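Below is one structure, written out as structure tokens; comments come after it.
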Amino acid sequence: MRRRLLTSTLVVAVIAVLLLGVPLGIVVSRLIVDEAAQELRAEATRLVGEVEYSRIQETPLDPQQLEQKYPGRYIQIYERANPPKATIVGTASPPGHQMAEDAQSENGIYVRVSRDRDQVEQDVRARLLLIVALAVAALAVAVGLAIVQSRRLTLPLLDLAKIAERLGSGDARPSRHRYGIPELDQVAEVLDRSATRISDLLTREREFATDASHQLRTPLTGLTMRLEEIVAASDQPTVVREEGEAAIVQAERLTAVIDELLAAARRQRHAQAEPVSIDEVLIQQITEWEPVFRGCDRTLLLEGTRGLKALATTGGFGQVIATLLENSLRHGGGTVIVTTTQGDSYIVIEVADEGPGIADDIAPKVFERNVSGGGGTGLGLTLARALAAADGGRLELVRRRPATFAIFLRPVEENNRTRVVSGPA
């Protein structure tokens with residue numbers, strides 16, 4: 001590209017110099033020749049006057065004085081008298097190399113002044129050489145400017161190419177480079193915006209992979225337990241049927257979790273909260289988790305007010321409860337009690353156990369991503385709070401020791417109108 005810029009600039013400069021220099025050379029050469037002719041004509045006219053003056057003064061012409069006064073001239077003076085007079089001053093130029101002008105008066109005086117044409121042509125060549133030198137200087141300046149301009153254009157383009165290559169290789173860091181050229185700055189700004197978008201996409205993809213691995217683990221664990229119960233009770237058709245139905249419910253829940261994760265990854269999850277029976281969701285979760293707790297010699301209880309309804313989504317609310325029960329199973333101890341109460345503005349679902357609780361240094365940031373006090377992934381509570389907020393509710397740590405988490409959901413209005421909730425309360 002740099003070579004093309006230099007070539008095109010040089011061609012444009014040569015054309016401009018030719019279009020200006022050639023006519024200028026012709027005009028200058030003609031001006032020099034015309035000026036020389038006018039000078040000879042003026043000298044001839046002046047000599048006519050001097051001859052007439054000398055005739056009036058009756059003084060003869062002095063050839064030496066004329067030669068000193070008009071150096072480099074060949075002068076011929078003819079006077080019509082009786083007898084005629086002729087005065088010759090200077091040396092004649094070779095034939096074909098003369099430039100001559102003449103003048104005469106009414107009194108019979110004829111003057112012819114000539115000079116060597118080679119001197120005029122030498123003067124013309126000198127001026128033409130000066131024009132050529134100026135043209136060469138102009139071309140040199142044009143080439144220099146073309147080099148500077150090509151560097152100014154090609155270096156940013158090479159830099160933009162490197163940025164685009166780095167962007168294609170996955171390095172989505174904005175460069176913030178600007179070059180002082182509006183068009184190139186616009187391209188750089190577009191690349192920076194693309195880098196930001198790609199970085200966001202990559203971040204969301206990583207978050208999706210991490211969230212999916214965590215969110216899918218709980219339903220898969222429940223499904224595995226159901227399948228183990230089926231295998232263990234293979235000779236009991238009634239138990240196999242019950243566990244098979246529970247496994248189907250767990251598989252449906254797993255499908256719902258996958259749909260929610262995909263929607264969240266596409267930034268299209270706008271939770272459509274609707275009246276949800278709190279008892280149905282809690283009984284379903286307790287039924288799924290009770291065998292696991294029983295296998296660990298622990299008890300899972302449901303207490304509080306029955307028949308409550310809140311604005312939520314069944315999948316989101318059920319996933320929050322599952323996360324809290326799994327945390328209690330992993331990090332808590334003793335009996336786990338799920339309590340439901342209704343306040344003035346919220347329906348509250350508390351999940352508490354009899355374990356050692358949460359350390360003071362972890363408690364303030366227990367809902368932050370990648371924060372865990374027991375060797376976990378540090379994602380469960382973060383995702384659970386996000387799901388609760390998407391349903392228009394809140395998930396809070398209300399007591400550290402023993403650990404007690406509370407879910408706050410909006411109650412269904414008395415006139416049974418539902419509200420679309422897309423954020424936290």
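The model shown is predicted, which means the values in this text are computed figures rather than measured ones.
Counting heavy atoms from C-beta on, the side chains of Leu301 and Val338 never come closer than 4.5 Å. Between Leu325 and Val351, the closest side-chain pair of non-hydrogen atoms falls below 4.5 Å. Within the 4.5 Å cutoff, side-chain heavy atoms of Leu308 are placed close to those of Thr305. The shortest distance between side-chain heavy atoms of Thr340 and Ile347 does not fall below 4.5 Å.
Side chain of Gln76 to main chain of Arg112: no donor-acceptor pair is present (N/O by atom type, distance under 3.5 Å, no hydrogens or angles). Not one N or O on the side chain of Ser93 forms a donor-acceptor pair closer than 3.5 Å with the backbone of Gln98. Side-chain atoms of Thr382 come within 3.5 Å of backbone N or O of Phe367 as a donor-acceptor pair. Within the 3.5 Å criterion, the main-chain N or O of Gly307 finds a donor-acceptor partner in the side chain of Asp279. The backbone N or O of Gly393 lies less than 3.5 Å from no partner atom in the side chain of Asp391, so there is not a single donor-acceptor pair.
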Does the pair Tyr110 and Asp102 meet the rule for a side-chain contact (heavy atoms from CB on, under 4.5 Å), with working shown? CA-CA 7 Å; Tyr110 176 81; Asp102 53 17; 3.0 Å; yes
**OP:** Take Leu139 and Val17, measure what side-chain contact (heavy atoms from CB on, under 4.5 Å) needs, and give me the verdict at the end.
**Re:** CA-CA 8 Å; Leu139 290 177; Val17 167; 3.9 Å; yes
- Task: Could you check Ile407 against Arg394 for side-chain contact (heavy atoms from CB on, under 4.5 Å), going step by step and ending with a plain yes or no?
- Result: CA-CA 6 Å; Ile407 306 169; Arg394 300 197 318 271; over 6 Å; no
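Distance CG/Leu381 to CD/Glu326: 10.0 Å, rounded to 0.5 Å. To the nearest 0.5 Å, atoms OG1 (Thr91) and CG (Asp116) are separated by 11.0 Å. Rounded to the nearest 0.5 Å, atoms CG (Leu20) and CG (Leu134) are 12.0 Å apart. The distance from atom OG1 of Thr335 to atom CG of Asp353, rounded to the nearest 0.5 Å, is 9.5 Å. Residue Thr313 holds its OG1 atom at 10.5 Å from CD of Gln319, rounded to the nearest 0.5 Å. Of the inter-residue distances, the one linking Phe317 atom CZ with Leu409 atom CG reads 5.5 Å to the nearest 0.5 angstrom.
Both the sub-6.0 Å distance and the 45° axial angle are not jointly satisfied by Arg298 relative to the ring of Phe293.
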Contacts under 3.5 angstrom, residues 32-42 side chains, donor-acceptor by atom type, not counting sequence neighbours:
| unit_1 | atom_1 | unit_2 | atom_2 | d |
| --- | --- | --- | --- | --- |
| Glu39 | OE2 | Arg73 | NH2 | 3.3 |

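For Gln104, there are no side-chain hydrogen bond (donor to acceptor under 3.5 Å, both in side chains) partners, not counting sequence neighbours. Contacts of Asp361 classified as salt bridge (charged side-chain N to carboxylate O under 4.0 Å, His left out), with partners at least two apart in sequence or in another chain: none. Arg127 is linked by a salt bridge (charged side-chain N to carboxylate O under 4.0 Å, His left out) to Asp123, counting only residues two or more places apart in sequence or in another chain. Partners of Arg46 according to the side-chain hydrogen bond (donor to acceptor under 3.5 Å, both in side chains) rule, which considers only residues two or more places apart in sequence or in another chain, are Tyr70.
Under the side chain to side chain donor-acceptor pair (under 3.5 Å) criterion, the residue pairs touching residues 396-409 are Asp360-Arg400, Asp360-Arg401, Arg385-Glu396, Arg399-Thr404, with sequence neighbours excluded.
Side chains of Ser29 and Arg125: a donor-acceptor N/O pair is absent below 3.5 angstrom, by distance only. Counting only N and O atoms by type, the side chains of His97 and Asp118 include a donor and acceptor under 3.5 Å apart.
Around the CD atom of Glu280, the shell of radius 6.0 Å holds no more than 12 heavy atoms that belong to other residues, nucleotides or ligands. Within a 6.0 Å radius of CD in Glu303, other residues, nucleotides and ligands contribute more than 12 heavy atoms.
Minimum interatomic distance between Pro411 and Ser345 (heavy atoms only, all atoms of both residues): CD-O, 3.1 Å.
Partner Ile349 forms a side-chain contact (heavy atoms from CB on, under 4.5 Å) with one of Leu395, Leu324, Thr339, Ile321 and no other, that one being Ile321.
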